[in-house]
Amino acid sequence: DQQVKQNSPSLSVQEGRISILNCDYTNSMFDYFLWYKKYPAEGPTFLISISSIKDKNEDGRFTVFLNKSAKHLSLHIVPSQPGDSAVYFCAASLDSNYQLIWGAGTKLIIKP
Amino acid sequence: GAGVSQSPSNKVTEKGKDVELRCDPISGHTALYWYRQSLGQGLEFLIYFQGNSAPDKSGLPSDRFSAERTGGSVSTLTIQRTQQEDSAVYLCASSLEVWETQYFGPGTRLLVL
């Protein structure tokens with residue numbers, strides 16, 4: 001039973017445009033959400049996070065939106081750059097527990 | 001400073017053999033985590049160490065899996081009597097304290113034939 005789902009295995013976006021990566025979750029008790037980015041042959045690196053008390057968090061070109069009623073999380077990258085090509089994972093935690101529940105990832109390809 | 005390192009980067013073994021995977025966390029990080037990523041899946045939590053506290057082993061999939069952390073630093077994940085379904089990338093992460101950002105190593109890709 002996947003509690004965190006990333007339904008798009010891959011996404012292709014033109015350089016300079018907006019990339020929108022989506023994540024759905026089933027457990028309304030999740031209270032903290034994170035996005036990680038992973039390049040081939042490297043471990044995931046932390047990108048941005050959001051607490052369930054917020055609905056938006058912004059860091060430079062990256063913005064995460066949280067819609068609690070829809071149990072939906074999205075990551076917006078504007079403008080998209082070639083270096084953004086990577087696999088993006090969303091993760092969630094329950095009751096501020098350190099155990100993260102991870103989605104399967106979305107491979108983002110930025111086309112020149 | 002140096003990041004999290006893992007060795008070996010790749011391991012091919014025969015079914016039934018034991019394997020040991022090593023993780024060197026970032027110096028000074030008190031928390032250490034092991035995850036497993038099977039093909040097409042998200043990361044799966046395996047075990048967590050925090051300082052001198054008893055580890056949280058709740059994610060270990062079977063008693064063939066064990067891990068230790070010596071001296072609060074280096075950690076070894078051991079898989080006994082490996083099975084083909086153990087084939088995955090095993091990732092280690094460390095954080096300064098629990099709930100701080102987790103920094104990941106590059107992983108060990110394990111293939112059990």
Side-chain angles (χ1 to χ4, degrees), chain A residues 1-10 21-27 30-53 57 59 62 64 73 75 86-108, chain B residues 2-10 21-26 29-51 53-61 75 88-109:
Chain A
D1 176 31
Q2 277 190 298
Q3 295 190 67
V4 177
K5 298 179 184 179
Q6 293 178 257
N7 292 318
S8 298
S10 66
L21 296 132
N22 294 304
C23 180
D24 295 295
Y25 59 95
T26 58
N27 194 331
F30 285 143
D31 59 359
Y32 194 66
F33 303 87
L34 307 92
W35 284 94
Y36 274 78
K37 173 179 175 180
K38 185 182 182 304
Y39 292 119
E42 296 182 10
T45 55
F46 171 76
L47 198 54
I48 193 168
S49 63
I50 188 166
S51 163
S52 60
I53 62 173
N57 189 25
D59 183 4
F62 302 90
V64 56
L73 187 70
L75 174 69
V87 176
Y88 290 78
F89 292 95
C90 71
S93 73
L94 187 65
D95 296 334
S96 298
N97 191 303
Y98 50 79
Q99 287 193 28
L100 298 177
I101 313 297
W102 296 72
T106 296
K107 183 176 183 178
L108 177 64
Chain B
V4 177
S5 61
Q6 293 185 245
S7 61
S9 53
N10 291 281
L21 312 180
R22 178 187 167 107
C23 172
D24 281 271
I26 293 172
H29 280 196
T30 64
L32 186 147
Y33 314 77
W34 281 98
Y35 294 88
R36 174 171 74 173
Q37 185 184 14
S38 301
L39 192 64
Q41 304 295 316
L43 279 68
E44 173 191 4
F45 169 80
L46 295 178
I47 188 170
Y48 159 75
F49 296 90
Q50 171 64 40
S53 304
D56 176 355
K57 305 179 183 180
S58 60
L60 294 179
S75 178
V89 177
Y90 289 82
L91 290 154
C92 173
S94 70
S95 62
L96 190 60
E97 297 285 346
V98 66
W99 263 120
E100 299 281 341
T101 299
Q102 295 183 28
Y103 294 87
F104 282 81
T108 294
R109 186 175 299 274

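All values below come from the heavy atoms of this structure, side chains included, with hydrogens, waters and symmetry mates left out. For clarity, every value in this text was computed on a predicted model and none was experimentally measured. Chain letters run A, B, ... following the sequence lines, proteins first and then strands; every chain starts at 1.
- Contact count versus chain B (heavy atoms, under 4.5 Å) is highest, among A:Gln99, A:Lys38, A:Gln6, for A:Gln99.
- Heavy atoms of B:Ser58 lying under 4.5 Å from chain A belong exclusively to its side chain.
- Heavy-atom neighbours of chain B within the stretch residues 42-50 of chain A, taken at a separation under 4.5 angstrom, comprise A:Glu42, A:Gly43, A:Pro44, A:Phe46.
- Only the side chain of B:Leu91 has a heavy atom closer than 4.5 Å to any heavy atom of chain A.
- When every heavy atom of B:Val98 is checked against every heavy atom of B:Tyr33, the shortest pair comes out as CA-OH, 4.0 Å.
- Heavy atoms closer than 4.5 Å to chain B are found nowhere in A:Tyr39, neither backbone nor side chain.
- Using cut-offs of 30° and 60° on the angle between ring planes, the pair A:Phe89 and A:Trp102 is perpendicular.
- Between B:Glu44 and B:Gly59 the shortest heavy-atom distance is OE2-O, 4.5 Å.
- Put simply, OH on A:Tyr32 and CD1 on A:Ile53 are 10.5 Å apart, with the number rounded to the nearest 0.5 Å.
- At a 4.5 Å heavy-atom cutoff, B:Tyr103 makes no contact with chain A through either its backbone or its side chain.
- Using modelled atom types and a 3.5 Å distance limit, the side chains of B:Tyr35 and B:Gln37 yield no donor-acceptor pair.
- Shortest non-hydrogen contact noted between B:Gly107 and B:Val89 is CA-CG1, 4.2 Å.
- Across B:Cys92 and B:Val4, no two heavy atoms sit closer than the pair O-CG1, 4.0 Å.
- In plain terms, the two heavy atoms of A:Cys90 and A:Val4 that are nearest each other are SG-CG1, 3.4 Å.
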